[in-house]
Amino acid sequence: MKRVYNFSAGPAMLPEAVLMKAQSEMLDYEGSGMSIMEMSHRGKMVRSIFEEAEGLFRELMEIPENYQILFCQGGASLQFSMLPFNLYKNGVADFLITGNWSEKAKAEVSRYMSVNVVGSSKDRHYAYIPEIKPEKLTPNADFYHYTANNTIYGTAVHTLPMTDAPIVADMTSAILAKPYDVSKHGLIYAGAQKQFGIAGLTVAIVRDDLIGNAKEETPTMLNYKTYANNESMYNTPPVYAVYLTLLVLRWYKETFGTLAKVQEHQTHKTGILYDFLDQSALFHAFVDKEARSTQNVTFGTKDDALDKLFVDEAAKVGLVNLGGYRTIGGMRASIYTPHPLEGVLKLVEFMKEFEVKHSV
Ligand SMILES: *Cc1c(COP(=O)(O)O)cnc(C)c1O
């Protein structure tokens, strides 16, 4: 059997222990004689998987009592559409634009309401985090939206605005990577396949007062109330995806205990790569220092052909999916929490050798 170090932006590496555990329980889950995939979501076993997963989210993220943890489908992308249906009041939303995902969220929201951009880093390919000017915020905005970690360009947002509007965060590539103050947010959502599981599950953490105000014509499955009132089981939920998330959350707890420890781990892992990039004669990091992500590291050599060669050669030694996003080029190493330290050490070792071979 061969396992590679997968630097894909998502779906991404899962902890090996999680995959092994899932394998061992594949045919017979806890003596039931069936796989979780074959089991009714109305039964006790599935219910306890949902409850434990929810409890672990609450514990790890220190989620206050007045927030619901909802297990949705449709990816983070469907959340873009759910926001206007559920949060519409006056018809304006503020947006901080830090990359393609914030652009996509804005595009969906703007089908249903006006959108006001409070800052954008588009002018320099999203290589920095724009300043939020207080005078740009809309009084009585229905919500303020930002993307906590820009997966494509590799930047992270560290500041929240002074606003009375509920703050909504797309945390798909950020959640569980460090402690976030949930109580400062009205709504946090994240697709599972980057930081805590597999595609098919999206978690939405929603403050109670933001549930139940959707307009009458809101489709049932786009209404957070449907999930809140039915323990995320109004229709057949993605049980296996929730089960895998439970295994990953248990792994977080056993391996790190707290998100402060996860943050140390992420900063250490990506720091090794950034330190190398900052002194390298051949490679350079794309992102301004103060804006750097601890999950997605973008870099290049200033020579497209050499970048391509790097990606190809790296793949040959088991460092795969290092190509940058198609509109950006260069390289991107996505290093989510489950990505082992050894993968990064091996990558930096390979970069050193490549640099010696190709320096002019
Ligand atoms: C990957 C990603 C998405 C899209 O997630 P889907 O689950 O594929 O819809 C949205 N936002 C961010 C920040 C992402 O990294």
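This structure is a prediction, so every number in the text was calculated from the model and none was measured. Ligands are counted one by one from 1 in listed order, and the atoms in each one are counted from 1 as well.
In summary, the side chains of Q295 and T151 do not present any donor paired with an acceptor at a separation below 3.5 Å, with no hydrogens or angles considered.
Checked against a 6.0 Å centroid threshold, the rings of Y240 and Y243 count as neighbours.
Using cut-offs of 30° and 60° on the angle between ring planes, the pair Y180 and H185 is perpendicular. The aromatic rings of F310 and F350 sit tilted relative to each other, their planes meeting at an angle between 30° and 60°.
Under the 4.0 Å criterion applied to side-chain N and carboxylate O atoms, K308 and D312 are assigned as salt-bridge partners.
Annotation for ligand 1: atoms under 4.0 Å from non-hydrogen atoms of K194 are 1 (C), 2 (C), 3 (C), 14 (C), 15 (O).
For the pair K215 and Y88, the distance from NZ or CZ to the six-membered ring centre is under 6.0 Å and the angle to the ring normal is within 45 degrees.
Of all protein heavy atoms, the one closest to atom 15 (O) of ligand 1 is T151 OG1, 2.4 Å. Scanning all protein heavy atoms for the shortest distance to atom 9 (O) of ligand 1 gives S77 OG, 2.6 Å. Counting protein heavy atoms only, atom 11 (N) of ligand 1 is closest to D170 OD2, 2.6 Å.
Using a 4.0 Å cutoff on heavy atoms, Q193 counts as a contact of ligand 1.
Annotation: T147 places no N or O atom under 3.5 Å from an N or O atom of ligand 1; distance criterion only.
Closest heavy-atom approach to atom 6 (P) of ligand 1 within the set A12, A76, A105, G191: this belongs to A76.
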